[in-house]
There are 2 protein chains.
Amino acid sequence: MAKVKLIDVALLAGVSKSTASQFLNGRFEFMSKDTQERIRAAVGELDYVPNPIARNLKAHKTKTIGVIVRDITGFYTSKTIRGVDDWCKQNDYNALIYNTDFDSAIEAKSLEALYQLRVDGIIIASSGKNTKLIAQYVEKGMPIVQFQLEHDGSEKNIILSDYKQAAFDATEYLIKLGHKRICFVTQDFKKVKSRNERYQGYADALNKYDIPLEPALIQYWQRETGLQHSIAQIIKSAAPTAFFAQHLAITTDLLSALNQAQIAIPDDVSLIGFDDLPMAEFFKVPITVIKQEPYMIGVEAAKLLLNNISDVNKAAQKIMISCSLMTRQSCRQI
Amino acid sequence: MAKVKLIDVALLAGVSKSTASQFLNGRFEFMSKDTQERIRAAVGELDYVPNPIARNLKAHKTKTIGVIVRDITGFYTSKTIRGVDDWCKQNDYNALIYNTDFDSAIEAKSLEALYQLRVDGIIIASSGKNTKLIAQYVEKGMPIVQFQLEHDGSEKNIILSDYKQAAFDATEYLIKLGHKRICFVTQDFKKVKSRNERYQGYADALNKYDIPLEPALIQYWQRETGLQHSIAQIIKSAAPTAFFAQHLAITTDLLSALNQAQIAIPDDVSLIGFDDLPMAEFFKVPITVIKQEPYMIGVEAAKLLLNNISDVNKAAQKIMISCSLMTRQSCRQI
DNA sequence: AATACTTACTAAACCGGTTTAGTTGAACAA
DNA sequence: TTGTTCAACTAAACCGGTTTAGTAAGTATT
């Protein structure tokens, strides 16, 4: 492949490696106009391209960052990655993607792999089970930015969506449509900040309109096992007029379950989802959702990380990005 | 960051850099058991991790490949990339993603960027406008594997879906449901092999059942401008009883147009799409489609590329992957 | 006892750049 | 005349590994 090296250019131009290197790095003040011209010509003639590996070895930089996500295939995740990557490419960086498939052991391995690869920094959507490990890498000097944070941490470099506000808005929207029995479908949120915030938004909205917060209306879901109670049970025990699903996977599970139980949306119950759904416009009933801005989150994460890399003393930042309620046809006035 | 280097390990173990290096590369036959143990201990104590950049500099390898796609955000593309990446990671490679957004100039730039980065090989879903350029890089010794090929080429290392068979199957399926007027909606396929093959499959099926091939039933679509004729015009001039859309974007455009024109699927017309749609189960009418295997395509592409990298004399291969017809509810017997 | 062969190492070159610390010759000042 | 300064370079060290060629000591062979 490209076997032309600096010494070839230098020889052809009749200068030393040093001078050729200076030229290539734009430090023209150390050589005559004439010399510059000769080197330029030599570079052109030989079609020379510097070897970034050799360059990076000396510079102790890789111009590469790592991105650890749960699954690049996801509707939201792929967009976040696109945002990260676009910003990186614009700034002469490359991004290496590592998928964890929601497995915190793989997450830990990925972190170590990236560390060993000497990436200049890492963006991670952490499972929350490696908080200490992440702190250790930060300690060692690795710039790390987090997003989609699922745990309560004192993390400093972090991009978050304004979940609380979004949940408040969605709940208030339902209340204004006359709903009082809104079923909040969620993963366990006791120790998970991002989920807790959604719950707070929900509770705040109920509170504002003097609607009692009823435990039966809080329903739990898990990634492996799905809904804890069947739709029939939930309807029977809590009699909700609306469901508020806390993320995409919950929304689709609910949708399937409601379909199967022949419960019509929005005629029998209303539904709001957290996170937009691809192809929603073609759904039997287009679903009203809270939309996050994954592309923007990616761009902001990359910006924050690259700033941290170039300016080590940069104070850590939290960046909050707001969500928007995308109203479609899955909620009705009652 | 990790500043422990080989010399530190060597010093602590009381050996030379050379011996330490031999040890790290598993060439134990050149040293005593005792020495091995001391080096192992030193590595452990210092928490030493070799610098891959220094290693790669000497090895003339980057253990990195480039992947050029149109948009990582796509439903199919993200899965292909996941396949590529999974295979790469398993084989100690990393993949760098470049998005072109369907722009062949960006494609050319990406190719050059990856070449300059000295990646060990490239997987590309080419626009078809850089055929010569790609051949030049192959000439220069860069292993390149192509997929989602949109042009007619004599490319050797290539993964393709069996479009012809798939289009034949879909068309035959419609014919067996009693359809004779099947509208083939496509991008211009004269010079684009992958599209032409679909057309061949369509034509072959019609031919098998002695159904005349009617030009009015071939309808064109473009990425920028959408359908050439309005649905109303098409219905009026060609009177199709079924539509066969040649890729995802065409399917969704058709779906919107039919929706808007209040033409019901499958009551008024049947519809088959090429490429599956995310969330299809929640559609007003779940659409029957031809499913490709993007993950598998990614894995195969990566396999082929890594084989080419490790074995330079490896004969080039074409790998054909079949599609499957996923029948849902968008076609009816007539 | 002399020679050959092993074993267990090490010195030094090398990968392809960047950077530091000089060097050289000319102009200028004292 | 001698010293100083400056412009325009270059030699060599350096980044952190790998690899080749070589060496010293011990054992086996003749």
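Below, read A as the first sequence line, B as the second, and so on, with proteins coming before strands; counting in each chain starts at 1.
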Counting only side-chain heavy atoms from C-beta out, which of C/dC15, D/dT18, C/dT18 sits nearest to A/N25?
C/dT18
A/D8 atom CG is separated from C/dG16 atom P, nearest whole Å, by 9 Å
Mind calculating the distance between CG (B/L11) and C1' (C/dA11) to the nearest angstrom?
15 Å
Roughly how many Å is it from CG in B/L57 to C1' in C/dA13, rounded to a whole number?
14 Å
D/dA11 OP1/OP2 closer than 4.0 Å to side-chain N/O of A/S18
no
Inspect the contact between A/R82 and B/D101 and indicate whether a charged nitrogen and a carboxylate oxygen are less than 4.0 angstrom apart.
yes
Would you tell me if any nitrogen or oxygen in the side chain of B/S32 comes within less than 4.0 Å of OP1 or OP2 on C/dT7?
no
Roughly, in whole Å, what's the span from CD in B/Q22 to C1' in D/dG16?
16 Å
Between the base of D/dG17 and the side chain of B/K17, is one N or O donor paired with an acceptor at under 3.5 angstrom?
yes
Taking only N and O in the side chain of B/R27, is any of them less than 4.0 Å away from OP1 or OP2 of D/dT19?
yes
Just call it for A/Y48: base, sugar-phosphate, or nothing, with non-hydrogen atoms closer than 4.0 Å on any strand.
sugar-phosphate
Closest to the A/H60 side chain: D/dC15, C/dG17, C/dC15?
D/dC15
Does OP1 or OP2 of C/dG17 have a side-chain N or O of A/S21 closer than 4.0 Å?
no
When the distance from CD of B/E37 to C1' of C/dC9 is rounded to whole Å, what number comes out?
18 Å
Does the Lys NZ or Arg CZ of B/R223 fall within the cation-pi geometry relative to B/F102 - under 6.0 Å from the ring centre and within 45° of the axis?
yes
Against the six-membered ring of B/Y48, is B/K5 placed for a cation-pi contact (under 6.0 Å from the centre, within 45° of the normal)?
no
What nucleotide among D/dT10, D/dG17, C/dG17 has an atom nearest to a side-chain atom of B/N51?
D/dG17
Within the structure, does a side-chain N or O atom of A/T35 lie under 4.0 Å from either OP1 or OP2 of D/dC9?
yes
Check whether any side-chain nitrogen or oxygen of B/K58 sits under 4.0 Å from OP1 or OP2 of D/dT18, and answer yes or no.
no
Consider side-chain contact (heavy atoms from CB on, under 4.5 Å). Of A/L160, A/I319, A/I159, which one does A/I297 pass it with?
A/I159
Test side-chain hydrogen bond (donor to acceptor under 3.5 Å, both in side chains) on A/D120 and A/T62; report intermediate values, then the result.
CA-CA 6 Å; A/D120 296 344; A/T62 53; 3.1 Å; yes
Check whether any side-chain nitrogen or oxygen of A/T19 sits under 4.0 Å from OP1 or OP2 of D/dC9, and answer yes or no.
no
Rounded to whole angstroms, how far apart are CZ on A/F23 and C1' on C/dT19?
18 Å
B/L6 atom CG is separated from D/dG17 atom C1', nearest whole Å, by 7 Å
Whole angstrom is fine here: how far is it from CG in B/N56 over to C1' in C/dC14?
15 Å
